[in-house]
Structures are given as structure tokens and as C-alpha cells.
Amino acid sequence: MGWGLQPRLTRKILTMKFATWNVNSLTVRLPQVLDWLQANPVDVLALQELKLTDDKFPVDAFRQAGYHAECFGQKTYNGVALLSREPALNVVRNVPGFADDMARSISAEVNGVRVIGAYFPNGQEPGSDKFEYKMAWLKGLRDWVRGELLTHPRLVLMGDYNITFDDADVWDPVGLKDTIHCTEEERYHLRALIALGLHDSFRLFAQPEKSYSWWDYRDFAFRRNHGLRIDHILVSDALKPLVTACVIDKAPRKNERPSDHAPVVVTLADTNKV
DNA sequence: ATGCCTCAGCTCCTGAGA
């Protein structure tokens, strides 16, 4: 009997990889996204800040790379998309129940998992109109996700949250205390999402200190690791036991014309056994 | 620091990002 016939070695472990990446203009970054997908053939990739309209979305380029693509574009600002190896079913654009003139959320079912890819509002500055909009958007998202979890216990909520969880996500927690992405009001909303039955997959594992997902273009911030962890992949209670890894891939941030964000990737094992 | 860097738009500059 050969080794290959032993059950230990023949049992197939099914895994799924989900990733999120704010590309800061898909027009500029398309070659990098295609390169990254070739090196990192994830099952689902959520993209944010496309900064292009649907008619300019490069659906053919992604199809040739082996991906279905669903887009929710917008001129100049925002814009999100979901790429998936398997077809995306029941696609929903924006946050139902929250009136919004910006393209910030796209969701679908892939392999029985409800996936939401979102570009959370920046908020600009505490006290500003944009900050109030951010707070309202977060409440709208939470009210929607609460209901989604009832009908889709297997759920992944990922994207550019524009919020840090705590000081561990901030390169200079003293200097940046109470500034945008680091305020208690924003973090309250992030914890409220967690309280729905979601988990920050990155912190399910030991991680390098000073792990960030965004670095300012200015002031050699990446080289000095002056960053924030504001891109997150939250998984539902039902999926949490299946998460085997979560990493931030800093490699694309070293490209010649990089996005200011790095991709985040989560790996789930045996998704069909849930 | 009303700055720094990058992107879109239609510019030779502004707004926005984070």
C-alpha cells in the first residue's frame, strides 16, 4: 500500500482565502492587483477606492485572471468591488436601509459565505459634518449587519474601516490620541460591530508588534513604519473556529507606485463542514 | 504647520484622503 492511500494523507482539507485591499485608484493599480492575484490566488478579494465608474471597470482583465467581478463604482471618489473565483450570488450594493449617495459597500454570497466589502467613511476630523456622516453610516451598517447575521450566520465583513481598535493599531498613540481613526466615538462603533457576534480575525493570532495596514505617502511613513491598522476582516461566530491565519501583506506597499494601503488576507479551513 | 505625498479632474491649481 502506498503512502497516498493512507487517510491521513488523502483527506482533502478545503480552505478559503478572503482578502481586502484599498487600491486608491484601480486605474493606476490594476497591474499591481493582477500581479498580486497571480501570486496570491485568494477566493475572494474586496477592493475599495476604485475611483472609477462601472463602465470603466476592467471586468475582462479580471475574467482572464480567473475571477468573477461585481462592481459598484463612482466617479473620482469611493467605489468598491468584489472579485471571486466562484460566482457571486445575491449581490447587494450599498447598505440597505441607509440612504447614501456614495458607493461604499458591496456584498454577495460566495461558497455559502455572505461577504461584505466596504469602504467606511474617512470622517476627516472629529466634529466635522463628515465625522457626523461617518457615525450615521456606522449605525446604518450595524443595523443592517445585525439582520444579515440572522439569515447568514457564515459572514465576513471586510474592508477599509478607517478606524483603529486600540493603541496597538497606532504607531504614535500619544501624538494621535483623539484624532481621526483613533477617537473613542469611532472605536465605540467598531466594538458595537464586534458585539453583534463578529471577531477581529487579525487578533485571533499572535502578530508582530507594530503591525499596520496603512502608511501615509508623506514623510517616509512606510520606511519608518509610521502606520495605522485600519483595514480589517471581521468573521462571524460560526466562522471563527475555522480561521487558521490572518496576515497583512506589506509586499505591495513596496511597489514603485503603491497604494497607501496593504492587503489583509484571512484563511478559513473546512468551510463546507460548518 | 494652512506643510509633507498621491490621485482625479481639466489644472498648471484645488479637494480629498488618512
Side-chain angles (χ1 to χ4, degrees), chain A residues 20-33 36 46-58 71-81 100-105 117-138 141 158-190 202 210-232 248 250 252-264:
Chain A
T20 179
W21 191 6
N22 179 323
V23 293
N24 185 17
S25 170
L26 185 57
T27 304
V28 174
R29 233 67 68 188
L30 178 62
Q32 293 183 42
V33 175
W36 190 82
L47 300 173
Q48 300 92 39
E49 278 211 86
L50 307 181
K51 297 185 176 181
L52 49 72
T53 45
D54 289 354
D55 57 302
K56 295 190 169 121
F57 186 81
C71 173
F72 184 29
Q74 183 183 328
K75 188 178 179 182
T76 310
Y77 306 110
N78 312 309
V80 288
D100 197 350
D101 57 359
M102 303 189 203
R104 294 191 174 276
S105 171
Y119 176 46
F120 291 45
N122 173 295
Q124 199 165 59
E125 187 181 6
S128 66
D129 289 347
K130 288 177 181 177
F131 191 84
E132 293 310 308
Y133 163 72
K134 183 175 193 175
M135 297 299 108
W137 192 93
L138 284 160
L141 176 74
M158 60 181 168
D160 176 0
Y161 283 63
N162 274 317
I163 307 175
T164 56
F165 274 93
D166 51 42
D167 287 354
D169 294 341
V170 183
W171 72 273
D172 180 10
V174 174
L176 294 175
K177 181 176 169 57
D178 297 331
T179 63
I180 196 67
H181 310 118
C182 306
T183 68
E184 181 53 34
E185 288 166 275
E186 293 165 282
R187 289 172 175 176
Y188 162 80
H189 282 283
L190 195 43
F202 192 72
K210 305 184 189 303
S211 288
Y212 310 122
S213 67
W214 170 87
W215 302 261
D216 201 303
Y217 282 122
R218 299 168 289 187
D219 215 18
F220 305 102
F222 181 69
R223 206 174 69 188
R224 300 154 85 175
N225 199 26
H226 290 181
L228 303 173
R229 191 175 73 96
I230 52 177
D231 300 86
H232 307 298
I248 297 169
K250 290 165 75 170
R253 190 63 176 78
K254 300 169 186 169
N255 288 340
E256 192 169 336
R257 284 179 78 189
S259 169
D260 41 357
H261 295 255
V264 185

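Heavy-atom basis, side chains included; hydrogens, waters and symmetry copies ignored. Letters go in sequence order (proteins before strands), and every chain restarts at 1.
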Between A:N122 and A:K134, a side-chain donor and acceptor under 3.5 Å: no
If I take atom CD in residue A:E256 and atom P in nucleotide B:dT6, what distance separates them, rounded to the nearest angstrom? 11 Å
Answer with yes or no whether the side chains of A:D160 and A:Q48 bring together a donor and an acceptor at under 3.5 Å. no
Do the side-chain N and O atoms of A:T164 and A:R187 include a donor-acceptor pair separated by under 3.5 angstrom? yes
B:dC13 versus B:dC4 - spacing of their P atoms, nearest Å: 14 Å
Which whole number of Å gives the distance between the P atom of B:dA16 and that of B:dC10? 15 Å
B/S/- along nucleotides 12-18 of chain B (protein heavy atoms under 4.0 Å) is ----SBB
Only one of A:F120, A:F165, A:W214 forms a ring pair (Phe, Tyr, Trp, His ring centres under 6.0 Å) with A:H232, so which one is it? A:F165
Tell me the interatomic distance from A:F220, atom CZ, to B:dT6, atom C1', rounded to whole angstroms. 15 Å
Nearest-Å distance once atom C1' is located in both B:dA1 and B:dC12: 25 Å
Provide the distance between the two P atoms, one in B:dA18 and one in B:dA8, to the nearest whole Å. 14 Å
Would the distance check show the side chain of A:Q74 and the main-chain N or O of A:A103 forming a donor-acceptor pair, the cut-off being under 3.5 Å? yes
Just jot down the side chain to side chain donor-acceptor pair (under 3.5 Å) partners of A:Y161, sequence neighbours excluded, or say none. none
A:F222 CZ to B:dT6 C1', in whole Å, measures 16 Å
